[in-house]
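Notes follow the structure.
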Amino acid sequence: MSLPKKVKLLMGTAVISSFLCVSAFAAQGDPETPNRYLKEPINEVEYYGSPTSSISSSVAIPAGSATFSTSGTVPPVLNKDGKTVYERYGDTKTQGIGILKEIEKQLKEQDLTLADVAYLRVYIAQDTLKEGKFDFDGWFEAYAQFFNTPENPVKPARSTLGVAALVNADWLIEIEAVAVYPKRYNQD
């Protein structure tokens, strides 16, 4: 059964009109929730979130900024002949501290510091010596020695994930970092 041309035209017009009305309403926005887009370009990295949180909920990076990303950095060996994970690499806190020191070295080679870090992605494996639980508190304690401190008030955005395992069964934590070169940096 075919619809007459006038009905098809009317239905098409109604659909298009509805779409335009919805688009106009959406573009107008909700007055209770102001537009979150930046009104002016930013010139330096901006961190957003609760002042009482140890991490930022989001980070804005200026257009044209160069970034430096580390691959997953793993803990340094403390004692290759150690009999336990803790003797060889340490607990989650010790491993986290060792990794952040290693990332600090990688950043220094690029004329960057931990104060230039905008984002961290952290993978934590279960600790068999802690009843197979994830030692998130150990990681948070390690993090607190490097970020949101008087020496480095930066609070990067961060994801912390509990994973089934890392490549080496002794590794309890692996960290990736993204740092932003300051505008003063000449990349040539």
Common cluster, [X]/[Y], ILVMFWY with side-chain heavy-atom separation under 4.5 Å:
X	Y	value
Ile55	Val45	no
Leu112	Val59	no
Val163	Val74	yes
Tyr47	Ile42	no
Phe147	Phe140	yes

Please check if the side chain of [X] supplies one atom and the backbone of [Y] the other of a donor-acceptor pair under 3.5 Å.
X	Y	answer
Thr70	Ala177	yes
Thr84	Glu87	yes
Thr128	Gln126	no
Ser57	Tyr48	yes
Ser65	Val180	no
Arg88	Gly82	yes
Glu176	Ser71	no
Glu151	Phe146	no
Asp116	Thr113	yes

Pairwise distance [atom1]([X]) to [atom2]([Y]) - rounded to 0.5 angstrom:
X	Y	atom1	atom2	answer
Glu102	Glu104	CD	CD	10.5 Å
Ile61	Tyr119	CD1	OH	11.5 Å
Tyr123	Ile175	OH	CD1	11.5 Å
Leu129	Glu131	CG	CD	11.0 Å
Glu174	Leu161	CD	CG	11.0 Å
Ile103	Leu120	CD1	CG	6.5 Å

Mind checking whether [X] and [Y] have side chains closer than 4.5 Å, heavy atoms only?
X	Y	answer
Asp127	Lys133	no
Pro62	Asn43	no
Tyr89	Thr94	no
Lys105	Thr73	no
Thr67	Tyr181	no

Apply side-chain contact (heavy atoms from CB on, under 4.5 Å) to the pair Leu172 and Asp135, showing each step before the final yes or no.
CA-CA 9 Å; Leu172 299 172; Asp135 186 10; over 6 Å; no
With a cut-off of under 6.0 Å to the ring centre and 45° to the axis, is Arg158 in cation-pi contact with Tyr143?
yes
Do Leu114 and Val154 pass the side-chain contact (heavy atoms from CB on, under 4.5 Å) test, and can you show the C-alpha distance, the side-chain angles, and the key distance before you say yes or no?
CA-CA 8 Å; Leu114 290 173; Val154 168; over 6 Å; no
Between Leu78 and Gly90, what is the shortest heavy-atom contact and its length?
CD1-N, 3.6 Å
Of the non-hydrogen atoms in Gln110 and Phe68, which two are nearest, and what is the gap between them?
CG-CE1, 3.4 Å
Test side-chain contact (heavy atoms from CB on, under 4.5 Å) applied to Lys93 - qualifying residues, sequence neighbours left out
Asp91, Ile97, Glu141, Ala142, Gln145
Partners passing side chain to side chain donor-acceptor pair (under 3.5 Å) against Thr52 (at least two apart in sequence or in another chain)
Ser50
Of Val178, Leu100, Leu107, which meets side chain to side chain contact (heavy atoms under 4.5 Å, CB included) against Val117?
Leu107
Among side-chain atoms of Asn79 and Tyr86, is any donor-acceptor pair under 3.5 angstrom?
no
